[in-house]
Amino acid sequence: MPAEEFVAGWISGALGLVLGHPFDTVKVRLQTQTTYQGIIDCMVKTYRHESLLGFFKGMSFPIVSIAVVNSVLFGVYSNALLALTATSHQERRAQAPSYTHVFIAGCTGGFLQAYCLAPFDLIKVRLQNQTEPRAQPGSPPPRYRGPVHCAASIFQAEGPRGLFRGAWALTLRDTPTLGIYFVTYEWLCHQSTPDGQNPSSATVLVAGGFAGITSWVTATPLDVIKSRMQMAGLEQRAYRGLLDCMVSSVRQEGLGVFFRGLTINSARAFPVNAVTFLSYEYLLHSWG
């Protein structure tokens, strides 16, 4: 497998993560807590109570782990497409693959990404939901002192399966969504670029941004359920499974619960995925 696809995916994933993590923290809190009246209320309370650093809780771990997972997504996608079409990344501009092949390759990347991502995402969500301000002398310490302590605590309290809490919802979220993600990106690039030419930087930015929005609109309902199942062990709320979590959430909060965080997900998705695709394309073009 060409290693460049994985390295480019790692670097582009790290850039996107740094840009999007504050939005992601707000999104996770809106989905799992009921103390906020909306995006602005959540942002104001987080800043007042935890300072600017509150928005970056849980980022140190994902900057390595989730960036690596992003390299799995892009590397598997590109190599699956290579296996399906026998054309390299550079050759695809002259001979565009079918959208069926793009969708299959994207789903394959999404499925394997979800498998690798599950424990890292769980730890990120648990750390993001710690709303304590920075430790002061004499104040009680937070539940988790960092990502390693969080992982060890989950393992001790919930067993090995605890680290994969919400993994099924994550897999169902990412497998079709990332197929849609890559199809949207390739279609927009193809529509805006003359045959045989590479898309311009502006085209890549716009196509990547709208691909991100499209995928998150599709993913948000299962993203809400995934986050709630990940927090269930901490709150001692035992869902019997994915369906039970969905039914319980609707009964308590109505159908609107499935769209919690959709606005901020969409607002975050455009710049994050625009930067991710631009850096990915730039790196592959430079190395090609």
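- Residue F277 is tested with Y77, Y181, Y282 for a ring-ring contact (aromatic ring centres under 6.0 Å, His included); the sole match is Y181.
- Using modelled atom types, no side-chain atom of H285 and backbone atom of E281 make a donor-acceptor pair closer than 3.5 Å.
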Between V69 and L73, is the side chain to side chain contact (heavy atoms under 4.5 Å, CB included) condition met? List the steps. CA-CA 6 Å; V69 168; L73 170 63; 5.9 Å; no
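- Note: N198 CG to L284 CG = 11.0 Å, rounded to the nearest 0.5 Å.
- A donor-acceptor pair is defined here as one N or O able to donate and one able to accept, closer than 3.5 Å; no such pair exists between the side chain of R29 and the backbone of C42.
- The minimum heavy-atom distance between V217 and S266, with the atom names listed, is CG2-OG, 4.2 Å.
- For the atom pair W187 CH2 and S192 OG, the distance stands at 8.0 Å (nearest 0.5 Å).
- Relative ring orientation between Y99 and H190 is described as perpendicular, the plane-to-plane angle rising above 60° on a 0-90° scale split at 30° and 60°.
- Under a 3.5 Å cut-off, the side chain of R48 and the backbone N or O of M43 do not form any donor-acceptor pair.
- One finds the CD atom of Q128 at 12.0 Å from the CD1 atom of I123 (value rounded to the nearest 0.5 Å).
- In this structure, T220 contributes its side chain and D223 its backbone to no donor-acceptor pair below 3.5 Å.
- With D121 contributing its side chain and L117 its backbone, the two residues share no donor-acceptor pair below 3.5 Å.
- Across C245 and I225, no two heavy atoms sit closer than the pair SG-CG2, 3.7 Å.
- Side-chain N or O atoms of N265 include none that pairs as donor or acceptor with a backbone N or O of W216 at under 3.5 Å.
- Taking the centre of each ring, F74 and Y280 come in below the 6.0 Å mark.
- No donor-acceptor distance shorter than 3.5 angstrom exists from the side chain of S51 to the backbone of Y47, with no hydrogens or angles considered.
- Looking only at distances, no side-chain donor or acceptor of D24 sits under 3.5 Å from a matching main-chain atom of G20.
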Evaluate the criterion salt bridge (Lys or Arg N to Asp or Glu O under 4.0 Å) for residue pair E50 and K45; output intermediate values, then yes/no. CA-CA 8 Å; E50 303 164 61; K45 285 179 178 175; over 6 Å; no
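- Taking both residues in full, the closest heavy atoms of R228 and Y239 are given as O-CE1, 3.8 Å, listed atom of the first, atom of the second, then distance.
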